[in-house]
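Keep in mind that what you see is a predicted model, and the values were worked out from it rather than measured.
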2 protein chains.
Amino acid sequence: MSSPEQASEPERVRAPNIRDVARVAGVSYQTVSRALNDSPSIRPETLARVQAAIEELGYRPNQAARALVTSRSRTIGVLAAQTVHYGPATSIQAIETAAREAGYRLSITNISSSEYASIKAGLDHLMAQSIEALIVIAPQVRVFEALDDLQVAVPFVTLEATGLNTAHSLWVDQIQGARLATRHLIDLGHTEIMHISGPQDWIEAEARMQGFLRELGDADLRTRAPILGDWTAHFGYYAGLELLRYRDFTAVFCGNDQMALGFMHACRETGLSVPGDMSIVGFDDIPEAAHFAPPLTTVRQNFAEIGRRAIELLLGELRGDTELSHAPVQPELIVRQSTARLA
Amino acid sequence: MSSPEQASEPERVRAPNIRDVARVAGVSYQTVSRALNDSPSIRPETLARVQAAIEELGYRPNQAARALVTSRSRTIGVLAAQTVHYGPATSIQAIETAAREAGYRLSITNISSSEYASIKAGLDHLMAQSIEALIVIAPQVRVFEALDDLQVAVPFVTLEATGLNTAHSLWVDQIQGARLATRHLIDLGHTEIMHISGPQDWIEAEARMQGFLRELGDADLRTRAPILGDWTAHFGYYAGLELLRYRDFTAVFCGNDQMALGFMHACRETGLSVPGDMSIVGFDDIPEAAHFAPPLTTVRQNFAEIGRRAIELLLGELRGDTELSHAPVQPELIVRQSTARLA
DNA sequence: TCCGGTGATGTGTACGTTCACATCAGCAGG
DNA sequence: CCTGCTGATGTGAACGTACACATCACCGGA
């Protein structure tokens, strides 16, 4: 009753399949299959006939059927946190492009929190799609624990972590980056240097903190307890207002550019000039950093490079290429105008 | 011959299927299928037996097989440009979460340029996955032309466009937002107001420009040709340096916050105080905007809301619910410290 | 002339699931 | 005691593709 016979809308026309194409082209369905998978043993003129038929019918291969019969989903899963941030977003974009060029598609799942249950749910959602490989861009410590625990059955890499879990990770050398930033401040004569870190359970935050502490240690300078932030400009601002009540430091190394921005805001409100009274270094080099007031000295990470390398690595592993390069990507110090020699 | 019997590695163990589960549970495969699709006609104790078997075997339904037989991919395609930007990224995250909760997965494809070929390639890539619905977050004019031309066969919505193509679009009222921003400047006594717009082929840019021009027109103020930018802070900076050579205006309405940031940078370099000598309004309210120097007056868009509504709309359409709300989301003016009354 | 080989094409089957229909036991009503 | 119904479960297809194998025409060499 729901389908009037003479409806103007043709009743759910079935999409053409290879048998339809075969009929039109006057060949067998297997020949069509061969044409689709560019088999060598097909005559050029037969191929042309098949292609014409495909064109005529507007035929599209059915991926589900393909996936079913080959048991290859051609899907790479991405488990991500904080995808709105510049770093992850840039990496994901590079990943998507590289994956698409290689004939893979991406399935992205965001985890809302670093709770074990949330991670497990995200991972389940991905595994249920029988992904062939996994990329994890969620550098919280707990994610790694969950990953170990859940026994991921496919090749995977983790991004933006550092050092640990090396067999599967691909990373910018955050420790080195933090050392560059800290060394820069030391070279400028600063001896009282503060660090505003990212959240404690983020591996990146931990690594940057380590780099900071080691570099201070190597220079025999006093180390202070870093402030644990949350990556946001808001935090940098409020932390700045708090810290600047005691002006017992002359430089700050911030865990990322956003917190540096907030800190600069606090400096302005407190009447401190940057870099005259306070030198500030960030981390990431987001595109906006060059236009902060003043332009921010920061550590640049090549997020796109990391993304491309991740796909390269995974596709290599899927092909069976063993041991591709896991060498960390080197960060780069970008000196702008938020740092100056201590008067 | 390729599989030594006593190999330590079990030769490609086939994943369990419903027949395996059925065997273990002592029922037929169809009963397992019923258990999976929570059919009403299954005895509780049978259901329990099946669930135990599923647990024991670690069975996961094969999505490809499901998709093949039901011809429902449970996939929503997203065609996106500029996913690293705050707005699109926020929307996508909301979309992903909402989709996942509804049992759908997302397939995101970035288009690298607004070339017709690039759009068509992206759309093809998505259609090849037999997506059930499509979300377009690529508010370039050409994308709409391509969409018309390619005869998208599934329900779709376009985001962040405005006005035109109303049957399929979901939008923040950009014109209204631009009017709010412009009205705010006029109310402060400014009469010479400049506009730095986004790229000409972006619908959002066009709409904001329209809102700007109309509001000026309503106030009988002189309108000047807007500058066509590219959304980046860099552009805002260089445009600012150029424009500020002639100080024949006292306020700027920038097409987004990044360009406003760059413009503020140019003001500092030129020795102009903001808002003393120059009032600046942005658009988007990215999280950093509150910490610019000075904190930026801007127009807030609820990107997450848009994302959620997109999924809601599409799922409704897939269910056959006709005519859900397409009402535009209202933007909000956030007044901070980058604007002041004309002296 | 016949044979084996090769290149091009066709036929059967399997992948894992759901849909349509068949079966079967149990039970109420005549 | 039979009929018809209902709830629970089972059987046979089908979805669209790729793999393994079969077939066929053709060719060169003995």
Side-chain angles (χ1 to χ4, degrees), chain A residues 2-3 12-51 53-54 57-75 103 127-130 132, chain B residues 1-3 11-51 53-54 57-75 103 127-130 132:
Chain A
S2 67
S3 61
R12 203 48 167 139
V13 275
R14 186 176 54 74
N17 59 25
I18 50 171
R19 294 186 139 91
D20 298 321
V21 174
R23 203 173 309 119
V24 171
V27 295
S28 77
Y29 57 85
Q30 176 57 14
T31 301
V32 176
S33 174
R34 271 188 271 263
L36 292 171
N37 300 291
D38 41 48
S39 145
S41 62
I42 183 169
R43 269 193 313 165
E45 62 190 76
T46 312
L47 179 59
R49 268 222 313 284
V50 172
Q51 280 168 340
I54 287 174
L57 295 176
Y59 164 81
R60 285 174 189 282
N62 182 314
Q63 304 270 10
R66 270 194 173 163
L68 178 59
V69 72
T70 58
S71 56
R72 300 197 49 195
S73 63
R74 295 227 154 243
T75 300
M127 297 310 279
Q129 300 171 42
S130 49
E132 292 184 35
Chain B
M1 74 282 183
S2 66
S3 60
E11 180 71 21
R12 202 54 168 133
V13 276
R14 186 175 53 75
N17 60 26
I18 49 171
R19 295 187 140 90
D20 298 322
V21 174
R23 203 172 310 118
V24 170
V27 296
S28 77
Y29 57 85
Q30 175 57 13
T31 301
V32 176
S33 174
R34 272 189 270 264
L36 292 171
N37 299 291
D38 42 48
S39 147
S41 62
I42 184 169
R43 270 192 313 165
E45 61 190 76
T46 313
L47 178 59
R49 269 222 312 287
V50 171
Q51 280 169 338
I54 287 174
L57 295 175
Y59 165 82
R60 284 174 190 283
N62 182 315
Q63 305 270 10
R66 267 192 176 166
L68 178 59
V69 72
T70 59
S71 57
R72 300 198 48 197
S73 63
R74 295 228 154 242
T75 301
M127 296 311 278
Q129 300 170 44
S130 48
E132 292 185 34

| query | Going by number, which of residues 21-29 of chain B have a non-hydrogen atom under 4.0 Å from DNA chain C? | reply | B:Y29

| query | How long is the gap from CD1 on B:I18 to CZ on B:R34, to the nearest 0.5 Å? | reply | 10.5 Å

| message | So, taking the atom named OG1 in B:T75 and the one named CD in B:Q63, what distance separates them when rounded to the nearest 0.5 Å? | response | 8.5 Å

| task | Rounded to the nearest angstrom, tell me the gap between atom CD1 in A:I54 and atom C1' in D:dG16. | result | 14 Å

| query | Are B:V21 and B:L57 side-chain neighbours, meaning at least one heavy-atom pair lies under 4.5 Å? | reply | yes

| said: From C-beta outward on A:Y59, which listed nucleotide comes closest to its side chain: D:dA18, D:dG10, D:dT17? | reply: D:dT17

| request: Of all the heavy-atom pairs spanning A:S28 and A:A22, show the shortest one and how long it is. | output: C-CB, 3.6 Å

| Given D:dG10, is OP1 or OP2 found less than 4.0 Å from the side-chain N or O atoms of B:T31? | yes

| message | Which heavy atom of B:A64 sits nearest to which heavy atom of A:L68, and what is that distance? | response | CB-N, 3.9 Å

| message | Below the 4.0 Å mark, does D:dA18 have OP1 or OP2 next to a side-chain nitrogen or oxygen of A:S33? | response | yes

| request: To the nearest Å, give me how far apart CZ (A:R74) and P (D:dT17) are. | output: 16 Å

| said: Can you give me the closest heavy-atom contact between A:R74 and A:E132, atom names plus distance? | reply: N-OE2, 2.6 Å

| query | Got a donor-acceptor contact below 3.5 angstrom from the B:R19 side chain to the B:Y29 backbone? | reply | no

| message | A side-chain contact here means heavy atoms from C-beta on lying under 4.5 Å apart; do A:L36 and A:Y59 qualify? | response | yes

| Within residues 34-43 of chain A: residues closer than 4.0 Å to DNA chain C (heavy atoms) | A:R34, A:S41, A:I42, A:R43

| remark: Those residues at least two apart in sequence (or on a different chain) that pass side-chain hydrogen bond (donor to acceptor under 3.5 Å, both in side chains) with A:S73 are none

| query | So do B:R60 and A:M127 actually touch side chain to side chain, heavy atoms under 4.5 Å? | reply | yes

| field | Integer-rounded Å distance: D:dT17 P and A:R19 CZ | value | 9 Å

| Tell me, what's DNA chain D's dot-bracket, Watson-Crick or G-U with both distances under 3.5 Å, | for other-strand, [ ] crossing? | ||||||||||||||||||||||||||||||

Indicate every side-chain donor-acceptor pair of residues 38-47 of chain B with a distance under 3.5 Å to a residue at least two apart or in another chain.
residue, atom, partner, partner atom, Å
B:S39, OG, B:S41, N, 3.2
B:S39, OG, B:S41, OG, 3.4

| request: Can you tell me the distance, in whole Å, between the CD atom of B:Q30 and the P atom of D:dA13? | output: 15 Å

| said: Just the rounded figure in Å: distance from P of D:dA18 to CG of A:N17. | reply: 12 Å

| request: Evaluate side chain to side chain contact (heavy atoms under 4.5 Å, CB included) for B:R66 paired with B:N37, printing each intermediate quantity in order. | output: CA-CA 11 Å; B:R66 267 192 176 166; B:N37 299 291; 3.8 Å; yes

| Rounded distance [0.5 Å steps], CZ in A:R49 versus OG1 in A:T31 | 9.0 Å

| task | Please list, in 5' to 3' order, the outermost nucleotides of DNA chain C lying under 4.0 Å from any heavy atom of chain A. | result | C:dA8 to C:dG16

